Amino acid sequence: MATANIARVATEWIESPVWSEQKSVPLLGPKDLTHDEMAAILSEALGRTVRYRPTSASDYIATMKSIGQSESAAQGFVDMFVFLTKHYTTPEDADRSLTPTLFRTWLQNHTA
C-alpha cells in the first residue's frame, strides 16, 4: 500500500461533508501477501536474496533496545504484533480498490 493511496483516502474523508466523527477505514492494499511472497518480491526488486525469518519476542525486544528503544516501547510492539496475529482478520467488506498500488509497484518507485 502506498502513502499516496493513504493520503488520498484520508483527504477524501476529511473533505467529505458526511464525515463528522471517528471512522475506521481498512486500507489493505489490493492483495494480501505472505511474508515469503514479500521476500520474493523484495529479492527481485533489489537484485539480491531476501528471506523472511521469524524472530522470538525476546530477540525482537533485544534488537529494538539495541537501536535505542525502551524496554516498554519494544514490549508494546511485541504485544501489538501478538494481538494482530491472534485476533485480526481482514474485514470481508473491505474495499481494496481504495489502495490499488501493488507492493511490487511501490518498490519499483522507491528503490534505486
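Note that the structure is a prediction, hence the values are computed from the model and not measured. Throughout, residue positions are numbered sequentially from 1 according to the sequence presented.
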- Side-chain contact, heavy-atom cut-off 4.5 Å: P100 with N5? yes
- Message: Using 0.5 Å steps for rounding, measure from the OG1 atom of T3 to the CZ atom of R8.
- Response: 11.5 Å
- Item | 4.5 Å side-chain heavy-atom contact, F103 and L107 | yes
- Message: Within this structure, what is the OG1-CG distance for the pair T49 and L46, rounded to the nearest 0.5 Å?
- Response: 10.5 Å
- Sort and list the pairs that fulfil salt bridge (Lys or Arg N to Asp or Glu O under 4.0 Å) and have at least one residue in residues 82-93, not counting sequence neighbours. none
- Without hydrogens or angle criteria, can the side chains of S97 and D95 be said to hold a donor-acceptor pair below 3.5 Å? yes
- OG1/T101 to CD1/I6 distance, rounded to the nearest 0.5 angstrom? 9.5 Å
- Nearest atoms (heavy-atom pairs only) where A39 meets V50: CB-O, 3.4 Å
- Provide the full list of ring-ring contact (aromatic ring centres under 6.0 Å, His included) pairs with a residue in residues 36-68, sequence neighbours left out, each pair given once. H35-Y52, Y60-F81
- Message: Treating H87 as the side-chain partner and F83 as the backbone partner, does any N or O pair qualify as donor plus acceptor under 3.5 Å?
- Response: no
- Within residues 72-85 or reaching into it, pairs that qualify as side-chain hydrogen bond (donor to acceptor under 3.5 Å, both in side chains) - sequence neighbours excluded: S70-S72, Q75-D79
- Query: Which residue pairs satisfy the salt bridge (Lys or Arg N to Asp or Glu O under 4.0 Å) criterion with at least one member in residues 41-55, sequence neighbours excluded?
  - Reply: E44-R104
- Pairs satisfying salt bridge (Lys or Arg N to Asp or Glu O under 4.0 Å), at least one member in residues 61-74, at least two apart: K65-E71
- Task: Mind checking the OG-CD1 spacing from S66 to I61? Nearest 0.5 Å is all I need.
- Result: 12.5 Å
- Taking all non-hydrogen atoms of both residues into account, name the closest pair between L28 and A94 and its distance. CD1-CB, 3.4 Å
- Query: Hey, does the side chain of S16 reach the backbone of W13 with a donor-acceptor pair shorter than 3.5 angstrom?
  - Reply: no
- Report yes if the side chains of M38 and I41 come closer than 4.5 Å at any heavy-atom pair, otherwise no. no
- List for me each residue that meets salt bridge (charged side-chain N to carboxylate O under 4.0 Å, His left out) alongside D32, sequence neighbours excluded, and say none if there are none. R96
- Check: E12 side chain, V9 main-chain N or O, donor-acceptor pair, under 3.5 Å: no
